[in-house]
Trainee: 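Below you will find the structure I want to go over with you.
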Number of protein chains: 4
Amino acid sequence: MAQTRAPRADAVRNRKKILDAAREQITAHGPDAGMDEIAAAAGVAVGTLYRHFPTKNDLVTAVIAEFLAQVAEAAEAARERHASGSRAVDEITGFLAYVTKETATNRAVKAAARTLGADPVGGDAEARAGAALATLIQAGQADGDIHQDVTVDDLYLLFNNVPTEEPPASRDRWLTLVLTGLTTHTRTT
Amino acid sequence: MAQTRAPRADAVRNRKKILDAAREQITAHGPDAGMDEIAAAAGVAVGTLYRHFPTKNDLVTAVIAEFLAQVAEAAEAARERHASGSRAVDEITGFLAYVTKETATNRAVKAAARTLGADPVGGDAEARAGAALATLIQAGQADGDIHQDVTVDDLYLLFNNVPTEEPPASRDRWLTLVLTGLTTHTRTT
Amino acid sequence: MAQTRAPRADAVRNRKKILDAAREQITAHGPDAGMDEIAAAAGVAVGTLYRHFPTKNDLVTAVIAEFLAQVAEAAEAARERHASGSRAVDEITGFLAYVTKETATNRAVKAAARTLGADPVGGDAEARAGAALATLIQAGQADGDIHQDVTVDDLYLLFNNVPTEEPPASRDRWLTLVLTGLTTHTRTT
Amino acid sequence: MAQTRAPRADAVRNRKKILDAAREQITAHGPDAGMDEIAAAAGVAVGTLYRHFPTKNDLVTAVIAEFLAQVAEAAEAARERHASGSRAVDEITGFLAYVTKETATNRAVKAAARTLGADPVGGDAEARAGAALATLIQAGQADGDIHQDVTVDDLYLLFNNVPTEEPPASRDRWLTLVLTGLTTHTRTT
DNA sequence: CATGAATGAGCGTTCATTCAT
DNA sequence: AATGAATGAACGCTCATTCAT
């Protein structure tokens with residue numbers, strides 16, 4: 001068993017090209033994007049695509065996992081900023097706004113997720129995001145800005161059901177409505 | 001001018017069987033339910049299905065329209081009850097709870113809607129529901145229970161994005177969260 | 001067995017309406033005209049159509065037979081005119097011109113004929129036309145205008161293969177070419 | 001730049017098998033031959049057929065184009081023989097006989113053409129055949145064998161309307177009749 | 001390990017024909 | 001006898017997946 005040689009570089013590069021292409025194609029044409037089209041967009045043959053992702057489901061799952069990793073990073077970044085002094089409720093607001101926007105942009109990702117059988121997609125992303133958000137919520141509650149009964153699951157519940165087909169103005173309005181449900185502040189009319 | 005004869009009985013029965021089967025199948029397998037499967041579930045041949053609904057789109061549209069008609073009736077019933085003395089905010093709450101439950105049960109109806117190009121599906125259902133809800137919102141605002149800035153579109157925005165993949169407990173929690181965003185009452189923790 | 005009563009009149013009228021509609025529809029849309037469309041154009045239900053013509057083939061055959069009857073009449077009229085003194089070769093020329101034009105107009109009839117398995121369509125029409133044409137050919141040969149070797153079958157052979165998809169000018173040219181093959185006259189260039 | 005590798009061997013073989021099968025099936029059952037039947041006859045799956053010819057129309061077109069190429073080659077061969085000393089009128093006669101026979105054998109090719117919208121199917125075949133035939137006609141006219149008014153279009157007109165449903169004897173007779181229309185020679189009876 | 005040709009079940013839809021009313 | 005709703009085999013075509021090269 002010689003130590004693994006360099007050639008693996010190609011495979012890594014291919015995996016990335018495929019994921020990028022899949023994200024693009026799924027975003028552009030919905031989860032109905034064909035495997036051939038994704039392969040073509042990635043500049044590889046279908047066979048290669050199947051070597052990396054034995055099933056379309058696997059590919060879509062990977063795209064979603066990638067997205068969730070981003071979300072986790074955003075949550076952790078929010079926690080860092082709070083650690084550096086920003087207000088927890090503002091970070092939570094910003095985080096929800098970020099997720100709302102991204103999910104809408106990647107609306108296909110969400111639609112695609114629906115075709116999956118609620119697989120355990122997230123890897124550790126969910127855990128990482130959860131930890132960061134829990135810290136923020138606790139801090140917000142200590143500040144008296146966030147309702148005492150709010151949990152991380154509440155955030156998941158909301159951002160798993162973000163409006164994806166609505167115009168930006170509607171998305172903003174949606175955000176306003178649900179944030180009112182999380183914070184102790186009443187809206188000024 | 002003899003009244004039009006009975007023979008339509010079969011066709012009427014079949015139309016109903018088809019719509020029932022379509023609702024069921026679409027609910028069970030999403031909008032990807034095959035026409036053959038729907039026909040089989042309805043106990044008719046494909047040809048019959050196509051006689052009643054010339055296109056798959058027509059069938060899906062009909063299923064959705066049926067659902068919207070139910071929703072409109074629920075809204076009007078809520079208005080009636082309010083006219084008979086019930087509190088507007090309670091009716092709105094009840095209506096949202098009803099829609100949330102129904103939408104979750106009919107999860108596929110919503111998914112199916114996605115396959116349509118935002119056609120003006122509802123017939124007059126949307127208008128009827130809108131009128132009834134507007135009355136209730138105004139009354140709720142007059143009572144001081146509903147935020148001054150809440151509109152019918154807000155309700156639409158929320159129930160167009162109801163959680164469909166979550167367990168009943170989550171749906172209830174979701175309802176609690178968004179209702180807090182609509183009403184002037186703060187949650188007691 | 002009471003003698004057949006009047007009501008049969010409807011059936012006769014229906015048969016005619018159906019044949020007329022079939023001719024029209026087939027001419028307009030080719031032999032692919034649907035049975036439903038033909039029935040609708042005739043103002044009857046499909047069932048009625050099928051009572052009169054148990055098979056699409058039967059209907060098409062009837063349309064063709066009708067056409068052949070017309071052709072037979074044209075041949076007999078030409079013979080009459082010759083009996084009254086006109087030149088035989090002129091009548092043959094005129095007859096061929098007539099058939100060419102009609103066949104082109106009814107191009108669908110010809111196309112339809114192709115879908116049949118060379119069924120014995122004609123009824124007595126073929127015999128009647130044959131008799132009239134034989135007379136004319138013989139007379140033309142006696143006049144020295146028609147080649148001695150020309151037979152009725154030659155005429156059938158030609159008009160069974162008339163150009164149907166060509167513009168009128170081409171059809172005329174075709175007629176000129178084949179007539180030169182029948183007559184003893186050489187073309188003047 | 002290595003030369004493109006062999007792997008195409010299969011595809012090339014398949015394309016040929018498909019075209020052969022298509023010719024056969026279309027000849028046997030007309031242009032209504034099903035794609036599945038053609039695929040089965042070719043010993044491939046439908047998908048393979050569609051990879052080579054994305055549309056039924058494309059396949060039919062290819063079959064016709066193949067036939068037209070043959071015709072063009074025959075015309076050019078006739079011109080070569082004339083260049084080597086044979087009589088032009090004999091080459092034209094031979095060419096028409098060849099086309100008549102081939103068209104009858106390929107009767108479906110002609111019928112199939114009808115399903116196309118007079119597309120410019122031939123590629124350069126029509127041009128090549130036209131050039132060769134024009135040369136022959138001119139030579140025949142110079143020899144005094146061919147009518148001065150005969151053009152290439154006359155030949156096209158005739159062989160576009162060759163008898164396809166008649167027995168060989170009838171086809172020969174048809175040829176005799178129309179050739180008399182092209183040449184200056186009168187038939188001997 | 002990559003390629004891309006091949007596979008074949010499945011899809012939405014049509015239409016000649018049958019049959020209950 | 002007329003109606004028109006029902007039937008179901010067949011069609012052209014797609015696409016996730018497999019496998020020979």
Side-chain angles (χ1 to χ4, degrees), chain A residues 7-8 10-11 14 32-40 43-59, chain B residues 5-15 18 32-40 42-59, chain C residues 7-8 10-11 14 32-40 43-59, chain D residues 5-15 18 32-40 42-59:
Chain A
R8 211 50 75 79
D10 283 53
N14 271 341
D32 298 342
M35 292 298 261
D36 284 15
E37 290 166 60
I38 294 173
V44 303
V46 243
T48 304
L49 191 161
Y50 273 93
R51 172 166 299 275
H52 288 277
F53 303 94
T55 278
K56 187 177 189 175
N57 221 317
D58 293 329
L59 177 57
Chain B
R5 288 241 225 80
R8 252 50 165 273
D10 282 54
V12 170
R13 207 168 15 255
N14 270 337
R15 199 192 143 90
I18 289 169
D32 298 342
M35 291 297 262
D36 285 14
E37 289 168 60
I38 294 174
V44 302
V46 241
T48 303
L49 193 160
Y50 275 96
R51 167 174 287 269
H52 289 275
F53 303 95
T55 277
K56 183 175 189 176
N57 220 316
D58 292 332
L59 178 57
Chain C
R8 213 47 75 79
D10 283 54
N14 270 342
D32 298 341
M35 293 297 261
D36 284 15
E37 289 166 60
I38 293 173
V44 302
V46 244
T48 304
L49 191 160
Y50 273 92
R51 172 166 298 274
H52 288 277
F53 304 94
T55 278
K56 185 176 191 176
N57 221 318
D58 293 329
L59 177 58
Chain D
R5 288 240 225 81
R8 250 52 164 271
D10 281 54
V12 170
R13 210 174 7 261
N14 271 337
R15 199 193 143 92
I18 288 169
D32 298 342
M35 291 298 262
D36 285 16
E37 289 167 60
I38 294 174
V44 301
V46 242
T48 304
L49 192 160
Y50 276 96
R51 166 175 287 269
H52 288 275
F53 303 94
T55 278
K56 183 175 190 178
N57 221 316
D58 292 332
L59 177 57

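Computation of the quantities below employed the complete heavy-atom set of this structure, encompassing side-chain atoms and omitting hydrogens, waters and symmetry-equivalent molecules. Given the structure is predicted, the values throughout are model-derived calculations rather than measurements.
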Trainee: How long is the gap from OG1 on D:T55 to CE on D:M35, to the nearest 0.5 Å?
Mentor: 7.5 Å
Trainee: What integer distance in Å separates C:K56:NZ from E:dT14:C1'?
Mentor: 12 Å
Trainee: Check whether any side-chain nitrogen or oxygen of D:R51 sits under 4.0 Å from OP1 or OP2 of E:dG4, and answer yes or no.
Mentor: no
Trainee: Start at the 5' end of DNA chain F and walk down; is the nucleotide closest to B:R15 or to D:D36 reached first?
Mentor: B:R15
Trainee: In terms of the nearest nucleotide of DNA chain E, which residue is placed more toward the 5' end: D:L49 or B:G34?
Mentor: D:L49
Trainee: Rounded to whole angstroms, how far apart are CD1 on B:I38 and C1' on E:dC11?
Mentor: 12 Å
Trainee: How far does OH of D:Y50 sit from NZ of D:K56, to the nearest 0.5 angstrom?
Mentor: 8.0 Å
Trainee: Among E:dA16, F:dG12, E:dT3, find the nucleotide with the atom closest to the side chain of A:A45.
Mentor: E:dT3
Trainee: Give the rounded distance in Å between these two atoms: CZ of C:F53 and P of E:dA16.
Mentor: 15 Å
Trainee: C:H52 has an atom NE2; how far is it from atom P of E:dT17, in whole Å?
Mentor: 17 Å
Trainee: So, is C:N14 close to the F:dA1 phosphate, meaning a side-chain N or O under 4.0 Å from OP1 or OP2?
Mentor: no
Trainee: Say you draw a straight line from CG of C:D32 to CD of C:E37; how long is it, rounded to the nearest 0.5 Å?
Mentor: 10.0 Å
Trainee: To the nearest 0.5 Å, what is the distance between CG on D:L49 and CZ on D:R15?
Mentor: 11.0 Å
Trainee: Between C:A39 and C:A45, what is the shortest heavy-atom contact and its length?
Mentor: CB-C, 4.0 Å
Trainee: Mind checking if B:E37 touches a base, just sugar-phosphate, or nothing, with heavy atoms under 4.0 Å?
Mentor: sugar-phosphate
Trainee: Of all the choices, F:dT17, F:dT7, F:dT21, which nucleotide is nearest to the side chain of D:D10 once you look at every atom?
Mentor: F:dT21
Trainee: Once you round it to whole Å, what is the distance between P of E:dC15 and CG of C:N57?
Mentor: 17 Å
Trainee: Which base sits across from E:dA20 as a Watson-Crick or G-U pair, both distances under 3.5 Å?
Mentor: F:dT3
Trainee: Taking the nucleotide of DNA chain F with the closest heavy atom to each, which residue, C:V44 or D:M35, is nearer the 5' end?
Mentor: C:V44
Trainee: By nearest atom, which of the nucleotides E:dA5, E:dA16, E:dT14 is closest to the B:Y50 side chain?
Mentor: E:dT14
Trainee: Would one find a side-chain N or O of D:T48 under 4.0 angstrom from OP1 or OP2 of E:dA5?
Mentor: no
